[in-house]
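Here is the naming used below: chain letters follow the sequence lines, and residue numbers restart at 1 for every chain.
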Amino acid sequence: MGLVGETVDSIKSIKIRQLLTQAVTLGMIVTSALIIWKALMCVTGTESPVVVVLSGSMEPGFKRGDILFLTMTKDPIRTGEIVVFNVDGRDIPIVHRAIKVHERENTGHVDVLTKGDNNDVDDIGLYADGQFWLHRHHIMGRAVGFLPYVGWVTIIMSEKPIIKYILIGALGLLVITSKD
Amino acid sequence: MHSFGYRANALLTFSVTALAFICAIASFSDKFSNQNPSAEIQILNINRLKKQSYGNDEVSLTLDISADLQSLFTWNTKQVFAFVAAEYETPMNSLNQVSLWDAIIPDKEHAKFRIQTSNKYRFIDQGHNLRGKEFNLTLHWHVMPKTGKMFADKIVMPGYSLPDAYK
């Protein structure tokens, strides 16, 4: 009787230890991903160091589904730079090129007009009502590098959330069933 | 240890890492290209210099732009975005940059060109400072790679000026 009790106890304890180890491992994976993301934000100086191109307004340079790497430095904004900006009241960031820059003498205040390479008209129609220029605080970053096609994963996951759940479910299953 | 899941996972991880490595090397190889682009811009005609109804000056001009950007193309180049901007200073603004014309150059054959065109985008000042104004014309280019780091540079051509009176 004592032997059976001991065996049952040891089995139970192994299970708990294993479960805890797996939970800690999962937590480590998630937090290290978060650490990398936050470190990227610090290094590049912008809140979104990586964005996915959602529209075709910069074709043929950037197609839908491409990934852009952004940085934001204190350097002044100049024409030709590809900037990412948020319009007041909308949360989707837009990636277009600056075509006009007017910088004030002493304050460093700057008026910027942007246009998508593939668009026929500049972005005045996209700005808020009564707004004719972008200012520095609208601009979240400058594009410095790019990877093609990789962003399709994000687009598919946001347009068909089912795929997101399937992926997370499969990953979770893999972690749970792994024996080490 | 040899289940389908493990094998798929290992394959995926390895291929993504290898792809990322190859992309980084492709981008790095762009550093070794020797680049010497050249350009020349002439103003053929100042068509109009007028004051708009609510006060800002506007210029319309015709440009003759010739450039040889062939040396910018490497095997990792998808396209080169070239544009001409006018740069000048006014009492209110320490720098004004107005893009007058741009073009997308998709390959090396198209990179040596000469065109005559009126300004594609309106040259409008913030204010009325354009009479007799001296300005630089700059040809900028932005090399967009097939993968990796983008880089941009420019040629500044000083010494252009606008007429002293509205016309």
Please classify the contact of [X] with chain B as side chain, backbone, both or neither, using a heavy-atom distance under 4.5 Å.
| X | result |
| --- | --- |
| P60(A) | both |
| R78(A) | both |
| A143(A) | both |

Common cluster, [X]/[Y], ILVMFWY with side-chain heavy-atom separation under 4.5 Å:
| X | Y | value |
| --- | --- | --- |
| I82(A) | L54(A) | no |
| V101(A) | Y88(B) | no |
| V80(B) | I41(B) | yes |
| I166(A) | I156(A) | no |
| L137(B) | W101(B) | yes |

Part of [X] within contact of chain A (heavy atom distance under 4.5 Å):
| X | result |
| --- | --- |
| F81(B) | side chain |
| K154(B) | neither |
| P106(B) | neither |
| I104(B) | side chain |
| A85(B) | side chain |

Between K120(B), K78(B), H142(B), Q126(B), the one whose heavy-atom pairs under 4.5 Å with chain A are most numerous: Q126(B)
Heavy-atom neighbours of [X] [atom1] exceed 12 at 6.0 Å:
| X | atom1 | answer |
| --- | --- | --- |
| F28(B) | CZ | no |
| K112(B) | NZ | no |
| I162(A) | CD1 | no |
| K167(B) | NZ | yes |

Euclidean distance, M150(B) CE relative to F146(A) CZ, rounded to 0.5 Å: 8.5 Å
Nearest-0.5 Å distance, CD1 of residue I77(A) to CD of residue Q97(B): 11.0 Å
Validation row: R104(A), M92(B) side chains within 4.5 angstrom (heavy atoms): yes
Intermediate values then yes/no, side-chain contact (heavy atoms from CB on, under 4.5 Å), R97(A) and D102(B): CA-CA 11 Å; R97(A) 195 185 293 270; D102(B) 56 34; 6.0 Å; no
Option in E103(A), H109(A), K100(A) with maximal non-hydrogen atom pairs under 4.5 Å from chain B: E103(A)
Residues in residues 110-140 of chain A that sit under 4.5 Å from chain B, counting heavy atoms only: D111(A), K115(A), D117(A), W133(A)
Donor-acceptor under 3.5 Å (H102(A) side chain, N93(B) main chain): no
